[in-house]
Visitor: 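My questions will all concern the structure given below.
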Amino acid sequence: MTNLTDDKDDRIRQVIAMIPEGRVSTYGNVARMAGLPGYARYVGHLLKHQDACSTLPWHRVISSTGKISLPVDSVSHSLQQQKLEAEGIVFRNGKIDLALYGWLTHNR
DNA sequence: TGCTTGACGCGCG
DNA sequence: ACGCGCGCCAAGC
């Protein structure tokens with residue numbers, strides 16, 4: 001019931017759900033916006049655990065380096081890139097320009 | 001109960 | 001520009 005962990009999960013999911021189409025955010029940024037600085041890793045853990053069955057735009061969450069955190073040779077990786085490109089996001093050398101597509105990220 | 005793992009992030013060399 | 005190491009947090013064994 002009063003599981004504080006679930007509350008955190010809920011806030012993280014909420015933030016991810018707010019990421020607009022054609023834009024991306026980072027794990028650390030999502031955690032920060034959820035009011036949980038330092039929980040970047042947990043965001044990834046959460047997505048990995050629910051992935052498929054959720055309607056969350058999980059593909060819009062990438063690493064702060066602008067690269068997809070999933071193994072390059074994995075199916076999930078190509079799927080994520082495919083979904084992002086379908087939203088108009090362009091990859092350059094396997095990376096995304098956060099200054100261009102980053103949502104509410106560091107002001108630059 | 002303690003060590004290892006993982007869809008992270010950042011400072012250094 | 002890039003690889004490496006350390007810190008951070010929760011989950012799995």
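Order of the sequence lines fixes the chain letters, A, B, ..., with proteins taken first and strands second; residue numbering starts at 1 for each chain. Quick caveat: nothing in here was measured; it's all calculated off a predicted structure.
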Visitor: Could you tell me which residues satisfy side-chain contact (heavy atoms from CB on, under 4.5 Å) with A/Ala34, sequence neighbours excluded, listed by chain and number?
Guide: A/Arg11, A/Ile12, A/Val15, A/Leu36

Visitor: Is A/Lys8 near enough to C/dA10 that one of its side-chain N or O atoms lies under 4.0 angstrom from OP1 or OP2?
Guide: yes

Visitor: A/Tyr27 OH to C/dA10 P: how many Å, rounded?
Guide: 18 Å

Visitor: Distance check needed: B/dG6 P versus A/Tyr42 OH, whole Å only.
Guide: 17 Å

Visitor: Is any side-chain nitrogen or oxygen of A/Tyr39 closer than 4.0 Å to OP1 or OP2 of C/dC8?
Guide: no

Visitor: Measure from CD on A/Gln50 to P on B/dG6 and round the result to the nearest Å.
Guide: 20 Å

Visitor: If you compare every side-chain N and O of A/Ser64 against the phosphate oxygens of B/dC8 (OP1, OP2), does one of them come in below 4.0 Å?
Guide: no

Visitor: Rounded to the Å, how far apart are A/Leu47 CG and B/dA7 P?
Guide: 11 Å

Visitor: Could you list all N or O pairs between the protein and nucleotides 2-6 of chain C that sit under 3.5 Å apart?
Guide:
residue, atom, partner, partner atom, Å
C/dC2, OP2, A/Lys95, NZ, 3.4

Visitor: Any Lys/Arg nitrogen of A/Glu87 or A/Arg23 sitting under 4.0 Å from an Asp/Glu carboxylate oxygen of the other?
Guide: no

Visitor: B/dG9, OP1 or OP2 - any side-chain N/O from A/Thr26 closer than 4.0 Å?
Guide: yes

Visitor: Please, which pairs that meet salt bridge (Lys or Arg N to Asp or Glu O under 4.0 Å) have at least one residue in residues 28-39 of chain A, sequence neighbours excluded?
Guide: none

Visitor: Looking only at side-chain atoms of A/Ala40, point me to the closest of B/dA7, C/dA11, B/dG9.
Guide: B/dG9

Visitor: Name all residues meeting the side chain to side chain donor-acceptor pair (under 3.5 Å) criterion together with A/Ser78; count only those two or more places apart in sequence or in a different chain, and write none if there are none.
Guide: none

Visitor: Starting at NE2 of A/His45 and ending at P of B/dT4, how long is that distance when rounded to a whole Å?
Guide: 16 Å

Visitor: A/Arg32 has an atom CZ; how far is it from atom P of B/dG9, in whole Å?
Guide: 12 Å

Visitor: Under 3.5 Å for both distances, Watson-Crick or G-U wobble, that's the pair rule; now give the dot-bracket for DNA chain C, with | marking pairs to another strand and [ ] for crossing ones.
Guide: .||||||.|||||

Visitor: Considering residues at least two apart in sequence or located in another chain, which fulfil the side-chain contact (heavy atoms from CB on, under 4.5 Å) criterion with A/Arg13?
Guide: A/Asp9, A/Asp10, A/Leu46, A/Gln50, A/Leu56

Visitor: Once you round to the nearest 0.5 Å, how far does NZ of A/Lys67 lie from CG of A/Asn93?
Guide: 10.0 Å

Visitor: Does one side chain, of A/Thr65 or A/Ser63, offer a donor that lies under 3.5 Å from an acceptor on the other?
Guide: yes

Visitor: Please report the distance, rounded to the nearest Å, between NE2 in A/His49 and P in C/dA10.
Guide: 16 Å

Visitor: For a 4.5 angstrom cut-off between non-hydrogen side-chain atoms, does A/Gln82 reach A/His59?
Guide: no

Visitor: Do A/Ile96 and A/Phe91 come close enough that some side-chain heavy atom pair is under 4.5 Å?
Guide: yes

Visitor: In this structure, how many angstroms lie between the C1' atom of C/dC9 and the CG atom of A/Leu46, rounded?
Guide: 13 Å

Visitor: Report the nucleotide, chosen from C/dG7, C/dG12, B/dG9, that has the shortest atom-to-atom distance to any side-chain atom of A/Arg41.
Guide: C/dG7

